[in-house]
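Structure record follows, encoded as structure tokens.
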Amino acid sequence: MSTLRFQALREASTRKPVQFEESGRKSAIFGSNVFNDKAMKQYLTSDAFKGVQGAVQHGTKIDRKLADYIAMGMKEWALSKGVTHYTHWFQPLTGATAEKHDAFFETSYDGSDPVEKFGGAQLVQQEPDASSFPNGGIRNTFEARGYTAWDPTSPAFIYGTTLCIPTVFISYTGEALDYKTPLLRALTVMDEAATDVCKYFDKNVKKVTATLGWEQEYFLIDRSLAESRPDLMMTGRTLLGHTSAKGQQLDDHYFGSIPTRALVYMRDLEQECMLLGIPVKTRHNEVAPNQFEFAPIFEETNLAVDHNCLLMDVMQKVAERHDLKVLLHEKPFKGVNGSGKHNNWSLATDTGVNLLSPSKTPMTNLQFLTFFINTIKAVNDNETLLRAAIATASNDHRLGANEAPPAIISVFIGAQLTKVLEELEGVTTGKLSPEEKTDLKLNVVGKIPEVILDNTDRNRTSPFAFTGNKFEFRAVGSTANCSNAMTTLNTIVAKQLKDFKKEVDALIETKDMKKDDAIFNVLREYIKHSKKILFEGDGYSEAWEIEAGKRGLSNFKTTPKALKARVSKQALDLFSEMGIMNHIEMEARYEIELEEYTKKIQIEGRVLGDISTNHVIPTAIRYQNTLIENVKGLKDIFGAEFETIAKEQIIIIKDISRHIEGINSKVLEMTNERKKANVMTDAQEMAEAYCDNVKPYFDIIREHCDKLELLVDNELWTLTKYRELLFTK
């Protein structure tokens, strides 16, 4: 088996960058394979185009007759580009995208008169098998019907020779079976709530859009090297492997010169992104060896989520052309940084204002403070829900691991803005005096732009940080569908904004306060209420864990514990009240995420048992036999002196036996714990059993295997080593 490793190393070390030529300027090819406004104006009637625009901008329904005209134009556009098939492209609760391809092809009943056919019915709705996707008990196996329905707010696109139509995925009885449906609902209520609050400051605002800019971190590994590691191929991470002598400690990879093969891959991927309308803008080396990042221009959240899902798929396909493997797992390698997906979130009005960006006038800055403080309060009141939204088996490796934001949710706003909030905390209860109001507007609110400009500190240990004109949710995992985090964030902020408006209106109506007085009074109470969530220090420190506990903040370090917040009364009532998900949909997601956690740990346990007993132990025994033959030879030559001469070999022989025994015994114990867990019928109980009773064996077994890697002859070791995986360019 060691020949496989060395063959992979030979292939990797002799590869040349794939020849790639860019087809044109990015601005010229951007969106060429997207059925965007430009394409629609060319291929749709004016009524059909207005119908799509109405659905996108105002949420108006498109009737079936108009859908036929839209489908006709979409088909002609696609056929002009060599497309042969179409698919409803959706995001089931598997974490991946899904598609079922149908040809633009039909015949008459007798098989004659073949035509390219695609009508409004095919555009608007398809019927995939709902029972074959995770549904959390919503559907029985014999009740397989589910529907995909067109989402006109995310434009259709062409990939290869297939027209992909973004859709929602719902059950026969109407429950959401995907990530997109709850997100769309959350964005709608956010628009309504934020628009109502904006009218305090600008009556012309008619729509507020939640925006998202994700940052996608990933590792690039030569394909042959990745394929030589069963754990990487089966689980996305290395379950064993001794740390390389050189890792990231010199900080020489971060923002360094991009390796040639990686750069050519990035250029190729960027071209695919341009054609698909994904506005990637930034590329660079990340902290760990062979780790990189892509980041786009901000977009409307639903479209940004679709683009990130599409990007993750396209990344893998483009990598194949370059003999590379993309690793999106949050922690593919022990001892070096894992990967995250920072979600940069903000709110923008149809009048062109970023609601989380200060301006030069007191009125617009009061608007900024309103949305800024309401967001902080929303996080403060719902920190367990945000933690649950990012909880996965793979992300548990990052959160609280001294490389990513901790499992404790807190908000960082910087020292200068903290002082601003302290000033506002002292606002007089009730009506403000003219002098106090003037002082606030001129010396506190009016100077916020200067404060922001000078506020250059940035806390990389904070899971939720304000970074000048947006909040950065840094704790989202690199494999995650952004919808989970964005649905939760937009829901809790929308709810908070609704509550804020009720409180302000009540003060205006019942206390006869001026609008500004009422706003200042409510914000003052919110600041007092939310102080526990604000933290400016080192999120990795033990002192913060202790302090967070005193403040009453949660610290769920594992997914099974974090997910309980999904089905708390607070969560069920909140999502139901806001119309995002009913109790059935919430409980289904809870079951699905627990089951996913259990299955991932189960798979990792099986793979680790297989590798350690079928790769590591046989290799160790082979080397041990070589040492035994060596000791026997020394005994034959030197007689009684052999024990002194062969002392080191004998020590190694004993060490190998000890590690082999450790592996065998712990694999057996781990397997027995899996068997106990597998007969449990309660999803929470089973997930906790895998977390608490099965997973702890991983580190013990790994330690024995990694010690053997150091002892065994390099020529015999079958598994590609860290130094080869991380430093082969």
Side-chain angles (χ1 to χ4, degrees), residues 2 5-6 8-9 12-13 217-222 225-254 256 259 285-292 325 327-340 393-404 478 540 604-605 607-609 611-612 615-617 619-620 623 652 655-656 658-660 662-663 666-667 695-729:
S2 60
R5 172 188 162 210
F6 289 110
L9 283 169
S13 62
E217 295 176 343
Y218 62 99
F219 283 82
L220 268 185
I221 306 297
D222 184 87
L225 299 183
E227 289 174 350
S228 72
R229 291 286 307 225
D231 48 358
L232 268 183
M233 299 306 294
M234 296 293 287
T235 72
R237 75 180 184 104
T238 53
L239 297 172
L240 50 85
H242 199 279
T243 306
S244 172
K246 181 188 176 186
Q248 65 188 50
Q249 62 266 51
L250 296 178
D251 296 324
D252 55 348
H253 187 67
Y254 191 49
N285 290 1
E286 254 301 331
V287 175
N290 274 351
Q291 187 188 30
F292 307 94
K325 175 73 174 175
L327 304 180
L328 292 173
H329 192 286
E330 282 78 359
K331 189 71 172 177
F333 301 104
K334 181 181 179 181
V336 298
N337 278 12
S339 299
S394 50
N395 209 21
D396 280 356
H397 292 284
R398 292 175 62 244
L399 300 181
N402 286 354
E403 64 172 71
S478 51
Y540 298 159
E604 288 186 351
V607 172
L608 179 58
I611 295 176
S612 58
H615 285 253
V616 174
I617 288 179
T619 303
Y623 181 57
I652 295 173
D655 284 346
I656 290 173
R658 180 170 57 84
H659 290 306
I660 289 173
I663 293 170
K666 296 307 176 184
V667 167
K695 192 166 174 279
Y697 283 102
F698 290 10
D699 288 339
I700 301 171
I701 294 168
R702 178 176 191 147
E703 183 177 3
H704 287 296
C705 292
D706 290 355
K707 292 294 185 183
L708 285 173
E709 181 182 327
L710 290 180
L711 291 173
V712 171
D713 182 358
N714 181 62
E715 295 295 316
L716 298 178
W717 196 254
T718 63
L719 298 167
T720 305
K721 297 187 175 184
Y722 267 35
R723 65 171 183 262
E724 297 154 355
L725 291 166
L726 291 172
F727 291 97
T728 302
K729 304 299 183 183

Going by the rule side-chain hydrogen bond (donor to acceptor under 3.5 Å, both in side chains), which residues pair with [X] if we only count those two or more places apart in sequence or in a different chain?
X: Ser394; answer: Glu330, Thr392
X: Glu217; answer: none
X: Ser228; answer: Thr720
X: Glu286; answer: none

Within this structure, what is the [atom1]-[atom2] distance for the pair [X] and [Y], rounded to the nearest 0.5 Å?
X: Ile611; Y: Ile663; atom1: CD1; atom2: CD1; result: 11.5 Å
X: Leu239; Y: Asp699; atom1: CG; atom2: CG; result: 10.5 Å
X: His329; Y: Arg398; atom1: NE2; atom2: CZ; result: 11.0 Å
X: Ile221; Y: Leu726; atom1: CD1; atom2: CG; result: 6.0 Å
X: Leu327; Y: Leu725; atom1: CG; atom2: CG; result: 8.5 Å
X: Leu9; Y: Asp222; atom1: CG; atom2: CG; result: 9.0 Å

### Message
The criterion is salt bridge (charged side-chain N to carboxylate O under 4.0 Å, His left out); which residues satisfy it with Asp655, sequence neighbours excluded?
### Response
Arg658
### Task
With sequence neighbours left out, write down each residue that passes salt bridge (charged side-chain N to carboxylate O under 4.0 Å, His left out) with Lys666, or none if nothing qualifies.
Glu669
Can you check whether [X] reaches [Y] side chain to side chain, under 4.5 Å on heavy atoms?
X: Gln291; Y: Gln248; result: no
X: Leu220; Y: Asn290; result: no
X: Asn285; Y: Pro259; result: yes
X: Pro230; Y: Leu719; result: yes
X: Asp231; Y: Leu608; result: no

### Message
For Ala393, give me all partners under side-chain contact (heavy atoms from CB on, under 4.5 Å), at least two apart in sequence or on another chain.
### Response
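Scan of Ala393 (side-chain contact (heavy atoms from CB on, under 4.5 Å), adjacent residues dropped) gives Tyr597, Lys600, Ile601.
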### Task
With sequence neighbours left out, write down each residue that passes side-chain contact (heavy atoms from CB on, under 4.5 Å) with Leu710, or none if nothing qualifies.
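For Leu710, the residues satisfying side-chain contact (heavy atoms from CB on, under 4.5 Å) (neighbours in sequence not counted) are His242.
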Closest contact, heavy atoms only, [X] versus [Y]:
X: Ser612; Y: Cys705; answer: CB-SG, 3.6 Å
X: Ala12; Y: Leu225; answer: CB-CG, 3.9 Å
X: Ala620; Y: Val712; answer: CA-CG2, 3.9 Å
X: Thr238; Y: Pro332; answer: OG1-O, 2.6 Å
X: Phe698; Y: Gly605; answer: CZ-N, 3.4 Å
X: Leu716; Y: Thr619; answer: O-CG2, 3.3 Å

### Task
Not counting sequence neighbours, list each pair that qualifies as a salt bridge (Lys or Arg N to Asp or Glu O under 4.0 Å) and has a residue in residues 718-729.
Arg5-Glu724
### Steps toward side chain to side chain contact (heavy atoms under 4.5 Å, CB included) verdict (Leu240, Arg229)
CA-CA 10 Å; Leu240 50 85; Arg229 291 286 307 225; 3.9 Å; yes
### Summary
The ring-ring contact (aromatic ring centres under 6.0 Å, His included) partners of Phe333 (sequence neighbours excluded) come to Phe219, Tyr722
### Non-neighbouring partners of His659 that pass ring-ring contact (aromatic ring centres under 6.0 Å, His included), sequence neighbours left out
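Here the qualifying residues are His704.
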### Task
Report, as yes or no, whether the 6.0 Å neighbourhood of atom CD on Glu703 holds more than 12 heavy atoms from other residues, nucleotides or ligands.
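Counting other residues, nucleotides and ligands, CD of Glu703 stays at 12 neighbours or fewer.
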### Message
Keeping Asp713 on the side-chain end and Tyr623 on the backbone end, is there a donor-acceptor pair under 3.5 Å?
### Response
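No; judged by distance alone, with no hydrogens or angles, the pair does not exist.
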### Query
Backbone N or O of Gly241 within a donor-acceptor pair of the Asp706 side chain at under 3.5 Å?
yes
### Query
Ion pair present between Arg237 and Glu604, side-chain N to carboxylate O less than 4.0 angstrom?
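Looking at Arg237 and Glu604, the cut-off is met.
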